[in-house]
Amino acid sequence: MVLVPDMTVRPASCADLPTVARLRWRWVAEENGATDVLGEDEFVETFVAWAADRSDTHRCFVAERDGVVRGMAWLALTARVPSPRAPHRLSGDLQCVYVVPDARDQGLGTRLVEAVVTEADRLGVERVVVHSSQRAVPAYDRAGFASDERLRHRRVRPVGAPRDLAGG
């Protein structure tokens, strides 16, 4: 791995959101080919509105070099049920860690994950979980993430499957 010292990792600004949306679009296209629901411009508009509406629960960090955003990572915050020992509880979900292909293997993903974990600690988050691709498991292990026998998940519907909004 070649570390790139001139890369800045910082919280995303509102002005970054269209670029972050295009990174998300690019990632999905790389993984799955062309998207078939929203065109890129419509997706960017939808994404920016979504992110703006959720700025209190979703924190984005970007990796930037020479004014160009090269990667992103998100911290999604979830309030937990209070306990007598901890009346204000939060959990975090590390989401959408992505670095453009020509900037990979330079430590950017690690720096983005560190930024998210640092923010989670600053906010008093009890734990941060991540649903990883198989390729990224070693990187998350190096960053201090571990498997836990008590953590379980259940898929409710296939990824990308439309929701029946009518409830039927």
Sub-4.5 Å side-chain heavy-atom contact between Asp41 and Arg22:
yes
Would you check, one step at a time, whether the test side chain to side chain contact (heavy atoms under 4.5 Å, CB included) holds for Val97 with Tyr140?
CA-CA 11 Å; Val97 179; Tyr140 290 118; 3.5 Å; yes
Arg111 and Thr8 have their tightest heavy-atom pair at NH2-CA, 4.2 Å
Using the test salt bridge (Lys or Arg N to Asp or Glu O under 4.0 Å), find all partners of Arg24 that sit at least two apart in sequence or belong to another chain.
none
Interatomic distance, Leu75 atom CG to Leu90 atom CG [nearest 0.5 angstrom]
9.0 Å
May I ask whether Phe61 and Val129 are part of the same hydrophobic cluster, defined by side-chain heavy atoms of I, L, V, M, F, W, Y residues being less than 4.5 angstrom apart, directly or through others?
no
Indicate the atoms forming the closest heavy-atom contact of Leu112 with Ala63, along with that distance.
CD2-N, 3.8 Å
Under 3.5 Å, sequence neighbours excluded: what are the donor-acceptor pairs made by side chains of residues 82-89?
residue	atom	partner	partner atom	Å
Ser83	OG	Arg85	N	3.2
Ser83	OG	Ala86	N	3.0
Arg89	NE	Glu126	OE2	2.7
Arg89	NH1	Val81	O	2.7
Arg89	NH2	Glu126	OE1	3.3

If you compare all heavy atoms of Leu94 against all heavy atoms of Ala73, which two are closest, and at what distance to 0.1 Å?
CD1-CB, 4.4 Å
Going from CG on Asp121 to CD on Glu114, what distance comes out if it is rounded to the nearest 0.5 angstrom?
13.0 Å
Could you walk me through whether Asp102 and Arg70 pass the side chain to side chain contact (heavy atoms under 4.5 Å, CB included) check?
CA-CA 9 Å; Asp102 66 344; Arg70 312 288 288 151; 2.5 Å; yes
Partner residues of Glu30 under the side chain to side chain contact (heavy atoms under 4.5 Å, CB included) criterion, sequence neighbours left out:
Arg26, Tyr98, Pro101, Arg104
Taking all non-hydrogen atoms of both residues into account, name the closest pair between Ala120 and Val128 and its distance.
CB-CG2, 3.5 Å
Is the closest side-chain heavy-atom distance between Val130 and Phe145 below 4.5 Å?
yes
Intermediate values then yes/no, side chain to side chain contact (heavy atoms under 4.5 Å, CB included), Val100 and Leu23
CA-CA 8 Å; Val100 296; Leu23 285 179; 3.6 Å; yes
Any salt bridge (Lys or Arg N to Asp or Glu O under 4.0 Å) involving residues 44-59? Give me the pairs, sequence neighbours left out, ordered by first then second residue.
Arg59-Glu119
Is there a path from Val62 to Trp50 through hydrophobic residues (I, L, V, M, F, W, Y) whose side chains come within less than 4.5 Å of each other?
yes
Members sharing Val68's hydrophobic cluster, built from side-chain contacts under 4.5 Å between Ile, Leu, Val, Met, Phe, Trp and Tyr, are none
Least distance between heavy atoms, Ala21 atom then Phe47 atom:
CB-CD2, 3.4 Å
Under the rule for salt bridge (Lys or Arg N to Asp or Glu O under 4.0 Å), what residues qualify as partners of Asp16, not counting sequence neighbours?
Arg10
Do Leu38 and Val20 share a hydrophobic cluster, counting only Ile, Leu, Val, Met, Phe, Trp and Tyr and linking them when any side-chain heavy atoms are less than 4.5 Å apart?
yes
When rounded to the nearest 0.5 Å, the distance separating NE2 of His58 from CG of Leu77 is 8.0 Å
Kindly work out whether a path of hydrophobic side-chain contacts (I/L/V/M/F/W/Y, heavy atoms less than 4.5 Å apart) joins Leu123 to Val113.
yes
